Amino acid sequence: MSTMTFGRAINAGLRKALEDDPKVILLGEDIGKLGGVFRVTDGLQKDFGSHRVVDTPLAEAGIMGCAVGLAYRGYRPVVEIQFDGFIYPAFDQIVCQVAKLHYRTQGKVTMPITIRVPFGGGIGSPEHHSESPEAYFTHTSGLRVVAVSNPQDAYSMLRQAIASNDPVLYFEPKRRYHIKGEVTEHPEPGNGLALGSAQVVTRGGDITLVTYGPLVRTALDAATAAADDGVSVEVIDLRSLSPIDFDTVETSVRKTGRLVIAHEASQSGGLGAEIATTITERCFNYLEAPPVRITGFDIPYPPSKLESHHLPDLDRILDGVDRALGRQNSLSAWERDRDDH
Amino acid sequence: MSTMTFGRAINAGLRKALEDDPKVILLGEDIGKLGGVFRVTDGLQKDFGSHRVVDTPLAEAGIMGCAVGLAYRGYRPVVEIQFDGFIYPAFDQIVCQVAKLHYRTQGKVTMPITIRVPFGGGIGSPEHHSESPEAYFTHTSGLRVVAVSNPQDAYSMLRQAIASNDPVLYFEPKRRYHIKGEVTEHPEPGNGLALGSAQVVTRGGDITLVTYGPLVRTALDAATAAADDGVSVEVIDLRSLSPIDFDTVETSVRKTGRLVIAHEASQSGGLGAEIATTITERCFNYLEAPPVRITGFDIPYPPSKLESHHLPDLDRILDGVDRALGRQNSLSAWERDRDDH
Amino acid sequence: MLVDELSLSTGHDDLPDSEGDNFIQLIAPDGRRRENVEFDPWVLDVSDEQLASLYQDMVVIRRIDTEATYLQRQGELALWPPLLGQEAAQIGSGRALREDDFVFPSYRENGVAYCRGVNLGDIVRVWRGNAHSGWDPYELNMATPQVIIGAQSLHATGYAMGIKNDDSDAVALTYFGDGATSQGDVNEAMVFAASFQVPVIFFCQNNQWAISEPVGLQARVHISSRAPGFGIPSIRVDGNDVLAVLAATRMAMHRARTGGGPTFIEAVTYRMGPHTTADDPTRYRDKAEMDQWAAKDPISRLEALLKSRGVLTPELELSVTAKADAVAREMREACINMPAPAPMDVFSHVYSEPNLALDTQKENYARYLQSFAADHVEGTNQ
Amino acid sequence: MLVDELSLSTGHDDLPDSEGDNFIQLIAPDGRRRENVEFDPWVLDVSDEQLASLYQDMVVIRRIDTEATYLQRQGELALWPPLLGQEAAQIGSGRALREDDFVFPSYRENGVAYCRGVNLGDIVRVWRGNAHSGWDPYELNMATPQVIIGAQSLHATGYAMGIKNDDSDAVALTYFGDGATSQGDVNEAMVFAASFQVPVIFFCQNNQWAISEPVGLQARVHISSRAPGFGIPSIRVDGNDVLAVLAATRMAMHRARTGGGPTFIEAVTYRMGPHTTADDPTRYRDKAEMDQWAAKDPISRLEALLKSRGVLTPELELSVTAKADAVAREMREACINMPAPAPMDVFSHVYSEPNLALDTQKENYARYLQSFAADHVEGTNQ
Ligand SMILES: Cc1ncc(C[n+]2csc(CCOP(=O)(O)OP(=O)(O)O)c2C)c(N)n1
Ligand SMILES: Cc1ncc(C[n+]2csc(CCOP(=O)(O)OP(=O)(O)O)c2C)c(N)n1
Ligand SMILES: [Mg+2]
Ligand SMILES: [Mg+2]
């Protein structure tokens, strides 16, 4: 066990995967000498060679299509998409090929491709550098989708993603790359943590707060703040976005009767809707209030000077907690007014 | 007013738009001499010339990117995507350009682009010809999304879509192209029907059934069948998928207390989740049962010999109605069993 | 010359010329053998017997095509994309391959699948609607039909990256049409192939049409001119001449096997039938054009050559016909007797690992299907 | 020759040569004027005075670049993509444009924006994070920075389709980098531009690098070789020679205006600075290379030419410096005093027409912001 940053933990996971399996091959833009724009692949090309850590031409469809071909040939490609907003040129190859080939070929061809995507906002970047496109992929059958929130999961789930015979979208919360944590570098990828499981990160009895990726830390802060206010929040880090570990969420909501979901992605059609709906299906008689979503607005990601308004933060999450608890919140006055009419 | 097929109504709408506004320009693969693979653009190139009805090279990103450039120049491009499954190469241009340019330029540049997409299954086609990708676009801020279900709406809403200064994804239920209906060819695009409004197509008091596109007809059949069984179903044709006319759905659910949503797209992250969640938020105290989703499964679209199993049909919708009503349904036995434990 | 001035034609209607000396031709349309110092060496070993065997292949795949078209008309297939007219392009290239080479086709390469030894029923499985793919790609070393135009060109390139990493001398060959050359994917494939110098062959069957769009809408210069600008040598070959196609493909194969990197081949041919059985080509092309190409039929010219050499004996004709009949019969039988997929198959192979969420949907659907049986029983009991 | 054999280099490291006679050069690195029968006619009208004005432009935009880099270091800008080294490419092409031509840039063409008459504060608005675009595209006839690599090339092509439909003789010009040539979009843009023969110019600033990737990774032959294979004539020009760039762009403009269709220009230049202020180029390129290119600096060579002609007087130097100072000052002031956007602006202009769903979110967020004020009041009342 050692202390390392988030970025370092991913680097360690990649290194281990490259060491363990000669079929693992990294593809991406600027991942070689530069070590990636976030330095996540730092030193890997030097140690494993440019045939294993491959700087590719600047074309995301090309990268993804070649990864498919490599997978056909028995390789396990790990693709880096430089920023969330640059995954769309590869969308066709992901949706029509990566996601469908196993189904198309009745299991004859596997697509053990890991697609690493630094995602989310909060780093003051220009357009297309702060997006949260996960819902496009969770709506795409044939893909697995995970989002990691801490160095240990970053390490372990990356190893599991690479070991998985299914394609995995692996979302890295870029604004958390610098946070540090203890990491045990398991010798084997499996090691207890299933790729599809959520994690209860703080226990609480009054309300369930579900989130993933960058907002897990925000949610923990919110739980602490709420505790000061006498509210006991159970925070669940979803970790796996497809499939979702609904059993864990259901167990919690049956206990608390109240649910808040937070994500940076836009609200309409975001993961919050799927979680709220499925939990309503499964816990209808236990819910004391409708699930509350605290999310990015239904707008393109705004200029960085305004991003703090778009991104759910501690206060907005607490406001949502108040709403779910039926306490005084930003909409109470308005709702009273409306109901009076 | 005259009787015409669905396909003919779209053709009439395109013709009127081409006549009324010299800035309207049609782009697509095989839309010229061939008149499109569904003959929807039949005769238009002959009458308006190959500079207005443009057969393009075979490249969807190219078509969409050129449409953006034409919009910059003041044109109102109407793009045909040959089949739903071929929209993904254009995804980047749609998500990063078409949807965002108005926001990016603070309103200086408008993107009055209409993207026509024949969508949905049920016609016995090979892979990629039967998809329902609407949720990718309803989760994309900056786009409007509509799905039409009958010749009159096909005509009127197409005119409105072309007249709109916002980009509109216009989904055409390809398996309904042959159905006939009365169509009034309004001289002006506006004419009462707002692009963003849902329509209650049958009134009923026991349960609300929300759907759109090809399943509207199936839902009407289901309502008729349910009526025989003493159940009064209110069918709502959503028509606008983004934004969704929640007021209409809310009014209905406040009355019925029960909601079933049906769509062909896969369940996880489909429109059903957004509708169920928002209606739960807005009608929590009126709901007698959790909203029920009857949708395609979380699988890639299956081979045509199996598509009838994937597509919600009358029986599956009725089963969902029974579930929402708490009547005997396919899961009752299992639920009883489960609850016994 | 610093400025590459091209003598561009002025409209889309004048298609790039597909006649005469601007491509490699070893057998003229009238069956005469034409000398070619550069390419003859690549087919020196082709004996009369082997020519006869290529002839048989072409007759057989034309028969497969005809039979499948019938099957579609009779409602046994949902759709069929004819290869009629493209027999030389498919057999000439398909027969140049080694077993360990890997093919990434579009949807039209059913003749190539035949070369790879596909079971005849497997050819039509997709078009009957029973499955999304007819065969195990690893059994034939050939991927199953790709519907997304051009996507497979990148798969071939990535596969070839793997070949190179493996230090193997196998080759990846991808087929696509003239229309596909407009897609970003095909162009990106050339970028990657050139950059990594991998053993991939881009085999473009320019059959003059992409559904209703003539090739001149996609490209105003020969399609073979595209690749050199990416640093990829290219060959323009008469795609209706099986010997020339064989020679060109062998040359490209050799280059790829010996570390010379990618090659682009444009095989100039013609789609004599409709785009698919759902298409009506009379809406967009005229009889004059079809007649012109009928005179260049790939099978008749080989027939003429074989006749002139005394190889095409009545016995050979008989045996070729018998073979074609047998193949057609076998395909028809396999097609008609193909077991329908089981309802619950819709859920199979979405993932290779367990997926709880999907399993729940599957179980619920099984309960739903059972509920009809149950209803019936309950009904009986009442 | 039917087979286009290319003498390919064998590794990525040997970049395509950017020296000598394989591009158009009118001013040598040492400032000597080189004769060129083909291109001299295009700049015959350029007087010493106009040369001096081009010189001033280049000095000014270098100064804009330096100032913006400072502003970034001082925390006034979030990021800045330097154009250092690319002044000749941007001024030579930017000054060839007519007012009614339309420019579709990448993110690096701030020098071109200057040519189009942009307000200086508007240049940095995006990089300060205040907005996604700094100016009204229709005021400058120039789109705002495009971040998605290559996407703008299609917009220019579509815009040019519009120009052609309008029977106008305006031209659309799009800028992109060497890296961008690998993207499908740029290649598809060439397909469409060639097919429709529209008045668009593809202006590629080959600055040798795409972040850390050398141009040899994207292309193993000259980038200018690509376009002819699409049926588009191309020109390879010394991008550090403002006169040659002007000549080449004018020639392409003329072709476009007179119905000759698209042209591709590769301007061979060098990104002397980092990719952006967030980049650390020492990780991937060495001093030797930088020194080599420093000797080809676009400004010093023009300085030398002007000196040799006696144009670069101390007075001129003074006035150019004064101009650069004034511009830098104005930009700095505008930057620092730029009003921050208002919180509720996040909701503005998502749609051009009313959108109920979004309006609700907006109203609720306004209530949320108010609730803090309300909390405060309530707190006071307690
Ligand atoms: C991405 C995509 N866009 C559109 C289509 C519809 N489509 C199927 S075949 C075809 C024409 C292909 O022409 P070409 O590449 O010349 O191949 P050919 O059919 O002539 O063999 C088109 C447009 C598709 N399958 N995929
Ligand atoms: C689609 C996409 N992929 C990746 C990026 C990240 N990115 C920004 S600039 C750049 C390099 C561009 O190089 P080049 O085209 O040569 O232009 P230059 O920066 O040298 O002017 C990359 C990879 C992006 N902006 N868009
Ligand atoms: Mg073709
Ligand atoms: Mg560059």
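Below, read A as the first sequence line, B as the second, and so on, with proteins coming before strands; counting in each chain starts at 1. Computed from a predicted structure; not experimentally measured.
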Heavy-atom pair of closest approach, residues [X] and [Y]:
| X | Y | result |
| --- | --- | --- |
| C/Ser168 | A/Arg73 | CB-NH2, 3.8 Å |
| A/Leu27 | C/Met161 | CD2-CE, 4.1 Å |
| C/Ala143 | C/Pro137 | CA-CB, 4.1 Å |

*Which word best sums up how the rings of A/Tyr212 and A/His263 line up, parallel for under 30°, tilted for 30 to 60°, or perpendicular for over 60°?*
tilted
Could you look at [X] and say if it's the side chain, the backbone, both or neither that has a heavy atom under 4.5 Å from chain C?
| X | answer |
| --- | --- |
| A/Ala59 | both |
| A/Gln93 | side chain |
| A/Lys23 | side chain |
| A/Asp92 | side chain |

Select one option (side chain, backbone, both, neither) describing which atoms of [X] are under 4.5 Å from chain A's heavy atoms.
| X | result |
| --- | --- |
| C/Ile163 | both |
| C/Tyr138 | side chain |
| C/Ser352 | both |
| C/Glu139 | neither |

Of all of [options], which one pairs up most often with chain C through heavy atoms under 4.5 Å apart?
| options | answer |
| --- | --- |
| A/Asp245, A/Leu143, A/Asp247 | A/Leu143 |
| A/Ile63, A/Ile244, A/Leu101 | A/Ile63 |
| A/Met111, A/Lys100, A/Lys108 | A/Lys108 |
| A/Thr105, A/Thr110, A/Thr278 | A/Thr105 |
| A/His102, A/His51, A/Arg144 | A/His102 |
| A/Pro243, A/Gly142, A/Gly107 | A/Gly142 |

_Are more than 12 heavy atoms, taken from residues, nucleotides or ligands other than A/Tyr286, located less than 6.0 Å from that residue's OH atom?_
no
*Among C/Ala189, C/Ala172, C/Gly162, which residue forms the greatest number of heavy-atom pairs with chain A at distances under 4.5 Å?*
C/Gly162
*Hey, mind stepping through A/Arg52 and C/Asn165 against side-chain hydrogen bond (donor to acceptor under 3.5 Å, both in side chains) and telling me if it holds?*
CA-CA 9 Å; A/Arg52 307 254 344 251; C/Asn165 261 18; over 6 Å; no
*I would like to know whether A/Gln97 and C/Gln152 meet side-chain hydrogen bond (donor to acceptor under 3.5 Å, both in side chains); could you show each step before the answer?*
CA-CA 9 Å; A/Gln97 310 299 332; C/Gln152 72 277 14; over 6 Å; no
*Candidate list A/Ile115, A/Ile162, A/Val146, test side chain to side chain contact (heavy atoms under 4.5 Å, CB included), partner A/Tyr170, passing option*: A/Val146
*Do C/Phe104 and A/Tyr72 make the cut of ring centroids closer than 6.0 angstrom?*
yes
